[in-house]
Protein chains: 2
Amino acid sequence: MSTTPTVYDVAERSGVSIATVSRVYRNPDSVRAQTRERVLAVARDLGYVPSGNARGLASRSTGVLGLCFPDYSDPDAESEAEAGAGGHGDEADDEAAMLYSDQIIRGMERAARRHGYALLIAASLKGGPESLVAKVAGRVDGFAVLARTVPTEELEVISRRQPVVMLAGPRESNDLDHLDHIEVANADGQRELTRHLIEDHGLRRLAYVGFAEESPDVEARFRGYVEACRAAGIEVGAEPDLRVAMMTQAEGARAAEALLDRPGERPEALLFANDQMAVGALHTLDRRGLRVPQDVAVTGFDGIALSRLVRPALTTVRQPMRRMGEEAVELLVRRLSDRAQGKTEDPVSMTLPVSVARRASCGCRAA
Amino acid sequence: MSTTPTVYDVAERSGVSIATVSRVYRNPDSVRAQTRERVLAVARDLGYVPSGNARGLASRSTGVLGLCFPDYSDPDAESEAEAGAGGHGDEADDEAAMLYSDQIIRGMERAARRHGYALLIAASLKGGPESLVAKVAGRVDGFAVLARTVPTEELEVISRRQPVVMLAGPRESNDLDHLDHIEVANADGQRELTRHLIEDHGLRRLAYVGFAEESPDVEARFRGYVEACRAAGIEVGAEPDLRVAMMTQAEGARAAEALLDRPGERPEALLFANDQMAVGALHTLDRRGLRVPQDVAVTGFDGIALSRLVRPALTTVRQPMRRMGEEAVELLVRRLSDRAQGKTEDPVSMTLPVSVARRASCGCRAA
DNA sequence: ACCTAAGATGAATGCGCTTTCATTCACCTG
DNA sequence: CAGGTGAATGAAAGCGCATTCATCTTAGGT
């Protein structure tokens, strides 16, 4: 217990060299059965477990893939889940708080497992040491990063030494052209959803709520919104009707207040750039006595679990997050084997299709 | 690109020793600002990222915690999700397949993050190489294991060299007494649920479906069931009415068939040892034209997402899986710091409370 | 019985970093 | 100006394993 046993201990106690001990684990068939058994017995006896670090160092590969994602935690969402997932009382539980990143983790884990890899996950602690990525990068053979988790420059540096695939953010302009990249059809989804509101529900006074910081996803979504509006002959500005500081429920609620307080006719539909904001808006509307969707329709984007649990259930655009995780792993694995063979292929960029979930908040189902 | 840069490269190019380069990363304040900047500049230039393996080897600690869990994948559940989560049509998506382990991962990740650790997750590939644990164990400072993922003997060996906490299975008899251990109140939950069926719904002809392999959880649940029955003066055998080979939906469906085909009066309630089996049973009953809960009540155990999505929604016992993950990390962190200080504390064993979710399948809500 | 080839094992080196311990240097103190 | 201090840095010794390459067995062939 005091000092953990190493190859040396096992070798000595079983009367062989450390090379043989190593072989017993790496390549059992190359050791005579009798010797092997003896070594294994001693190992068991001593409580020997090969050090992954040493192994990785010596063989320069870890058998681990990684995922870095931002600290999505939304305090509102947490309390929401505990308080009752939008009024569900005892229905509330962890499920409601399942987010974006959880689905990706799930997808990656599955795929990684199939390929014999383990998965290392780490979220950037807000305001923590900047070295999150470095920490992960140093321990894995390759990894995926959710967009905007890591400073571009740092990523650029790291991607020179190991495969990196960027998730959900369009490839950032210049430096990162050589990164593989997976995104979803943000514009398509928002366009289709908007078209649905306009054509199928006959709504024409729409308002779009986006995100203040530069976010490629949000921009793409807004673009889809604009396209659908223009196609229907509805005039819209070049900017969302409102931009919030964070894409949280609280901000969504506040955004709804602001939009409703604006002079002029009340919008017939509020479109939000993500589900959490939309859920926040639902609360505001409820408090103000406005019925959804009769008085105002509300839509989100993402398709998180909560979107289905709130009342009225939220019409939104579902992203194939799990699949994204799987594709990321496939890509990494391919890169790794390419690299092992000295091949060099051009960076891949794929776009996964999304689908509109028509639920109650736009009027497609009973609340 | 050809060869990844190391401390040596950085040291040479910036005219310092490798010791200084190391300090720049480990203990920046101990290096003169001017020197530090120079080193960092070179590092950035070269694309240097410290090797986690080498670091771990040298400092014998990784900053990573681990989780091993069994391959829960239930093909039925997957297809269920794709086909429509019990008839929900387009409502179907990944959410429905969120399982036990996903919640634990989530809890662990959160807690690990708070303590500055990353999380390594790995599922035992069914029939894969036995070395799953060894792989994980060798790369982390401590880890949690879901019961029955790993042969007891192997765990025993490993736990001698690093903190291990066992999740959800009662401490296995002899060898593993020194393992920390977290479980949920299986018996309490099943007892309360059974009591509810008997007292609040007036049901008396119950049937319990368990798991054939020895499973401490299932045994505890069954024990709770028996206690509640006896307390109500209902006579029950020492064994579940039926034991299945796997706790999957298919097996649950089959179990329901078997129970309904038995001679004698039809049971008023079918209690399953987990949600997935109960969902399978729901299908059988539906196909046979039996109404739930009017003709037969059905209950599960676990509280997975699917349990709420099926129709009728499943009455079940919710486990605080996420919290279990968090507690596991807390325990590991404490152990690690104890160990660092040379302290040795007795193994901890904690039991987390569960809660009964009364939904439609027992008659508590509209279907 | 002798030689050869294949098989099993050992010796030695390096993977990239952390960490004493020792050394150097610039500054203070008296 | 000598002696002393503390800060900054360098030298060197591992950390635990994988992996040639060399050496030693052993079985097979004639």
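We use all heavy atoms of the structure for the numbers below, so side chains are in, but hydrogens, waters and symmetry mates are not. Throughout, a chain's letter reflects where its sequence line sits, starting with A, and its residues are numbered from 1.
Across all their heavy atoms, A/Met321 and A/Ile104 have their closest contact at O-CG1, 3.6 Å. In terms of heavy atoms, A/Leu120 sits closest to B/Ala118 at CD1-CB, 3.9 Å.
Set against C/dA8, D/dC17, C/dG16, the side chain of A/Arg32 has C/dA8 as its closest nucleotide. Among the nucleotides D/dG10, C/dC17, C/dT9, the one closest to the side chain of B/Val7 is C/dC17. Of all nucleotides listed (C/dT19, C/dG16, D/dG16), C/dG16 comes nearest to the side chain of B/Ala54. Residue B/Thr20 places its side chain closer to D/dT9 than to any other of C/dC17, D/dT9, D/dC15.
C/dT9 atom P lies 18 Å from atom CZ of A/Arg26, rounded to whole Å. Going from atom CZ of B/Arg38 over to atom P of D/dA8 covers 14 Å, rounded to whole Å. In this structure, B/Asn27 places its CG atom 9 Å from P of C/dT19, rounding to the nearest Å. As a whole-Å value, the separation of B/Glu12 CD from C/dG16 P is 14 Å. Rounded to whole Å, atom P of D/dC15 lies 19 Å from atom CZ of A/Arg55. Look at CD1 on A/Ile18: it is 13 Å from C1' on C/dC15, rounded to the nearest Å. We find that CD of A/Glu37 is positioned 16 Å from C1' of C/dA8, with the value rounded to whole Å. Regarding B/Arg139, its CZ atom lies at a distance of 15 Å from the P atom of D/dG16, rounded to whole Å.
At the heavy-atom level, B/Ser22 lies under 4.0 Å from base atoms of the strands shown. In this structure, B/Val16 reaches the sugar-phosphate backbone alone: every heavy-atom distance under 4.0 Å involves primed, P, OP1 or OP2 atoms, never a base.
Look at A/Tyr25 and you won't find any side-chain N or O under 4.0 angstrom from OP1 or OP2 of D/dT19. Between D/dT9 and B/Thr35, a contact under 4.0 Å exists linking OP1 or OP2 to a side-chain N or O. Checking the phosphate oxygens (OP1, OP2) of C/dG16, no side-chain nitrogen or oxygen of B/Thr6 falls inside 4.0 Å. Taking side-chain N and O atoms only, A/Ser59 has no distance below 4.0 Å to OP1 or OP2 of D/dA18.
For B/Arg23 against D/dG10, a side-chain-to-base donor-acceptor contact under 3.5 Å is present. One can find a donor-acceptor pair under 3.5 Å joining the base of D/dC17 and the side-chain atoms of A/Tyr8.
Remark: the B/Arg139 side chain and the B/Asn53 side chain contain an N/O donor-acceptor pair separated by less than 3.5 Å.
Outside the 6.0 Å centre-distance limit, the rings of A/Tyr48 and A/Tyr8 are not counted as a close aromatic pair.
Each of A/Pro347, A/Ser349, A/Ser159 was evaluated against A/Leu179; a single residue qualifies, A/Ser159, per the side chain to side chain contact (heavy atoms under 4.5 Å, CB included) test.
Checking A/Gly15 against B/Ala19, the closest nucleotide of DNA chain C that is more toward the 5' end is the one next to A/Gly15. Judged by closest nucleotide on DNA chain D, B/Val31 is the one of B/Val31 and B/Arg60 placed further toward the 5' end.
Ion pairing of A/Arg114 with A/Glu330 is present here, as a side-chain N (NZ or NE/NH1/NH2) and a carboxylate O approach within less than 4.0 Å.
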